[in-house]
There are 2 protein chains.
Amino acid sequence: MSPYDPSAFPPFAVTVDLVVLTVRRHALCALVVRRGEPPFQGRWALPGGFVRGDEDLSAAAARELAEETGLCAHDPASPGSANGAHLEQLATYGDPKRDPRMRVVSVAHLVLAPDLPAPRAGGDANSARWAPVEELLARDTAFAREDEQEAPLAFDHAVILADGVERARSKIEYSSLATAFCPPEFTVGELRRVYEAVWGVALDPRNFHRKVTGTPGFLVPAGGTTTRQGGRPAQLFRAGGATILNPPMLRPEV
Amino acid sequence: MSPYDPSAFPPFAVTVDLVVLTVRRHALCALVVRRGEPPFQGRWALPGGFVRGDEDLSAAAARELAEETGLCAHDPASPGSANGAHLEQLATYGDPKRDPRMRVVSVAHLVLAPDLPAPRAGGDANSARWAPVEELLARDTAFAREDEQEAPLAFDHAVILADGVERARSKIEYSSLATAFCPPEFTVGELRRVYEAVWGVALDPRNFHRKVTGTPGFLVPAGGTTTRQGGRPAQLFRAGGATILNPPMLRPEV
DNA sequence: TCAAAAGTGTTGGGGTTACACCCATGG
DNA sequence: CCATGGGTGTAACCCCAACACTTTTGA
């Protein structure tokens, strides 16, 4: 049996699905789109689509991201343009029955973006929204056996979303990834509120300040101050070159 | 354009590749097989194969593992049989040109196994071996532009291997995964030598002992002692129920 | 003046490092 | 007896949690 023989292997459809996270109104939110076709018609789902025949996986993810949000992805592996959100591969989901139509293997990607204007989904603003993660995942469990319409996300997207959220939660512990949720210039307090929203905990502002300003390369002063959060003016920072945090930021144990 | 239309998406071949790691003679080793066919005929490659049409990704990885090594995989997600090696999904590689024959997306998996008798590759012992990862990855860079025959692993397998090794190196920091490299019963010294081999560093035996025995749930006494390492008899342990280590094991910085 | 947020100083405790020291076996 | 690895004790040190306290703005 030659490896060139097309009958030697079954054909698969390959897609990318996106877990796009942001922090809005002190809550961790994910981008979801409403499905216009069966299966799961009218239900919310993660954005995504087919990988093209000549396209790399990360390129497909970046393309879908641009199509759905207008965001410009910044894959650390292939340093792209600025203004970019963080993009990384998350995991691959290939259960034979995950799509009732055919055999689909989906390579999920994780995107972390600063707070943005309302999303657009191919120009249709009604069919895309930022939803609090807590709501999406709680609905998954609590409403599962009640109302089919209020049930989980389409396909296995609740699992993918949960995996993406968990990845984000652990990765901001030991990396500077939390700055991907912030605008280019931000204050220490704004960065702290990112951690608090993603982890769902309260952090001591004084110790947090010492920690992040005392880690070399994490933050660099941007030269100005702002009072947009009220109170005493706060120094503005940009993300520094450091990508890993050692020692890590400690997450309080609930 | 209906999603049911087969012409709406290009067909892909989907494979699993395995990064199977073990510790032999105080060195971290990976399982490689010799390719019998072009492309890369005669070169070493990671074991792997096509995913079947009705098969889950982790099931395909476990099947390939059994076929190549006789190992029984123990996927934490789907608790299987005992005697099992640790198996987890690593990452997915889908560059359009990674296989010159056709469009292949490979879902790489990471396997951690205790030291084993010489591997068998479909009964052919000559075509499979444990190779020190240092050698496999050094050859990748040092010999790349000299002798084509001594060049890197086939396809993009050097990258996949490097990613798998990096995953293993970081994961033993904050999890009890290092015990997957040990036989069912092992001593603290044997576990320490696993860490030393994977990280390529020397650890203080006294502090290591205190650390692992002082972490609740990491190790449970198995009730006996052994002198197989020489010196004073050492207590035997089994892996405890704890899977995450908090605080983590600290890796000395080079 | 007061509330709110930004910062700094200080103290106590847990965990790690480095190393002195003892224990138990095989050769 | 001595080399080898196993295991305990201890002091210095680093980092973090907790919290008192000062600074600087807007309302």
Side-chain angles (χ1 to χ4, degrees), chain A residues 25-26 172-174 182 185-197 199 201-238 242 244-254, chain B residues 25-26 172-174 182 185-197 199 201-238 242 244-254:
Chain A
R25 291 188 238 95
H26 210 275
I172 64 174
E173 284 187 51
Y174 56 89
C182 295
E185 297 195 349
F186 53 90
T187 69
V188 172
E190 287 163 352
L191 183 62
R192 175 172 49 80
R193 280 180 277 275
V194 164
Y195 275 91
E196 291 177 331
W199 284 345
V201 299
L203 299 176
D204 186 301
R206 293 95 84 183
N207 293 333
F208 183 88
H209 186 278
R210 227 194 322 270
K211 172 74 179 175
V212 296
T213 57
T215 301
F218 189 7
L219 300 182
V220 295
T225 61
T226 182
T227 61
R228 60 187 172 219
Q229 298 292 341
R232 167 177 166 179
Q235 209 179 344
L236 284 169
F237 292 90
R238 296 178 171 278
I244 67 164
L245 255 48
N246 198 352
M249 187 80 59
L250 292 186
R251 165 156 46 159
E253 33 191 300
V254 184
Chain B
R25 291 188 237 97
H26 209 276
I172 64 174
E173 285 186 52
Y174 57 90
C182 295
E185 297 194 349
F186 54 89
T187 70
V188 172
E190 287 163 351
L191 183 62
R192 176 172 49 80
R193 279 178 278 275
V194 164
Y195 275 91
E196 292 178 330
W199 284 346
V201 298
L203 299 176
D204 186 301
R206 293 95 79 178
N207 293 333
F208 183 88
H209 186 278
R210 229 193 322 269
K211 172 74 178 175
V212 295
T213 57
T215 300
F218 189 8
L219 300 182
V220 296
T225 61
T226 181
T227 61
R228 61 186 171 220
Q229 299 291 343
R232 168 176 165 180
Q235 209 178 345
L236 284 169
F237 292 90
R238 296 178 171 280
I244 66 164
L245 256 48
N246 199 349
M249 186 81 58
L250 293 185
R251 164 158 46 159
E253 32 192 301
V254 184

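Hydrogens, waters and symmetry mates play no part in the numbers below; they use all other heavy atoms, side chains included. Below, chains carry the letters A, B, ... as their sequence lines are ordered, and counting in each starts from 1. Computed from a prediction, not measured in an experiment: that's the story for all the values here.
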Quiz item: Quick one: which of D/dT24, C/dT17, C/dA24 gets closest to the side chain of B/Pro233?
Solution: C/dA24
Practice problem: For B/Val212 and B/Phe218, work out which heavy atoms get closest and say how close. | Solution: CG1-CE2, 3.6 Å
Quiz item: When only distance counts, do a donor and an acceptor, one from the side chain of A/Arg232 and one from the base of C/dA6, lie under 3.5 Å apart?
Solution: yes
Practice problem: Take the protein atom CG of B/Leu191 and the nucleotide atom P of D/dG5, then report the distance between them rounded to whole Å. | Solution: 17 Å
Quiz prompt | Integer-rounded Å distance: D/dG7 C1' and B/Gln229 CD | solution = 16 Å
Quiz item: Under 4.0 Å between a side-chain N or O of A/Arg193 and OP1 or OP2 of C/dA6?
Solution: yes
Self-check item: Separation of atom CZ in A/Phe208 from atom C1' in D/dA18, rounded to whole Å
Solution: 17 Å
Practice problem: Using only heavy-atom distances, decide whether a donor-acceptor pair under 3.5 angstrom links the side-chain of A/Arg210 to the base of C/dG9. | Solution: yes
Quiz prompt | Residue whose closest nucleotide on DNA chain C lies nearer the 5' end, B/Asn207 versus A/Phe237 | solution = A/Phe237
Quiz prompt | Donor-acceptor contact below 3.5 Å, side chain B/Glu196 vs main chain B/His26 | solution = no
Practice problem: Among D/dG5, D/dG9, C/dG7, find the nucleotide with the atom closest to the side chain of A/Arg206. | Solution: C/dG7
Quiz item: Between B/Leu236 (CG) and D/dG5 (P), how many Å, whole number?
Solution: 17 Å
Self-check item: A/Pro247 side chain, from C-beta outward: closest of D/dC16, D/dA18, C/dT25
Solution: D/dC16
Self-check item: Whole-Å distance separating the CZ atom of B/Arg251 from the P atom of C/dT16
Solution: 16 Å
Quiz item: Start at the 5' end of DNA chain C and walk down; is the nucleotide closest to B/Thr227 or to B/Pro248 reached first?
Solution: B/Pro248
Self-check item: Spacing of B/Asn246 atom CG relative to C/dG14 atom P, expressed in whole Å
Solution: 15 Å
Self-check item: Among C/dG7, D/dT8, C/dA6, the nucleotide that comes nearest once only the side chain of B/His209 is considered
Solution: D/dT8
Quiz item: Between A/Lys211 and D/dC16, is there a side-chain N or O to OP1/OP2 distance below 4.0 Å?
Solution: yes
Self-check item: 4.5 Å side-chain heavy-atom contact, A/Leu203 and A/Val201
Solution: yes
Self-check item: Atom pair distance, as rounded to whole Å: CZ in A/Phe186 and C1' in C/dA6
Solution: 16 Å
Practice problem: Would you mind classifying the nucleic acid contact of B/Arg228 as base, sugar-phosphate or nothing, using non-hydrogen atoms under 4.0 angstrom? | Solution: nothing
Quiz item: Can you find a heavy atom in the side chain of A/Phe208 that is under 4.5 Å from one in the side chain of A/Met249?
Solution: yes
Quiz item: Which nucleotide in the set D/dG6, D/dT24, C/dT16 lies at the smallest distance from any side-chain heavy atom of B/Leu250?
Solution: C/dT16
Self-check item: Integer-rounded Å distance: D/dT10 C1' and B/Asp204 CG
Solution: 14 Å
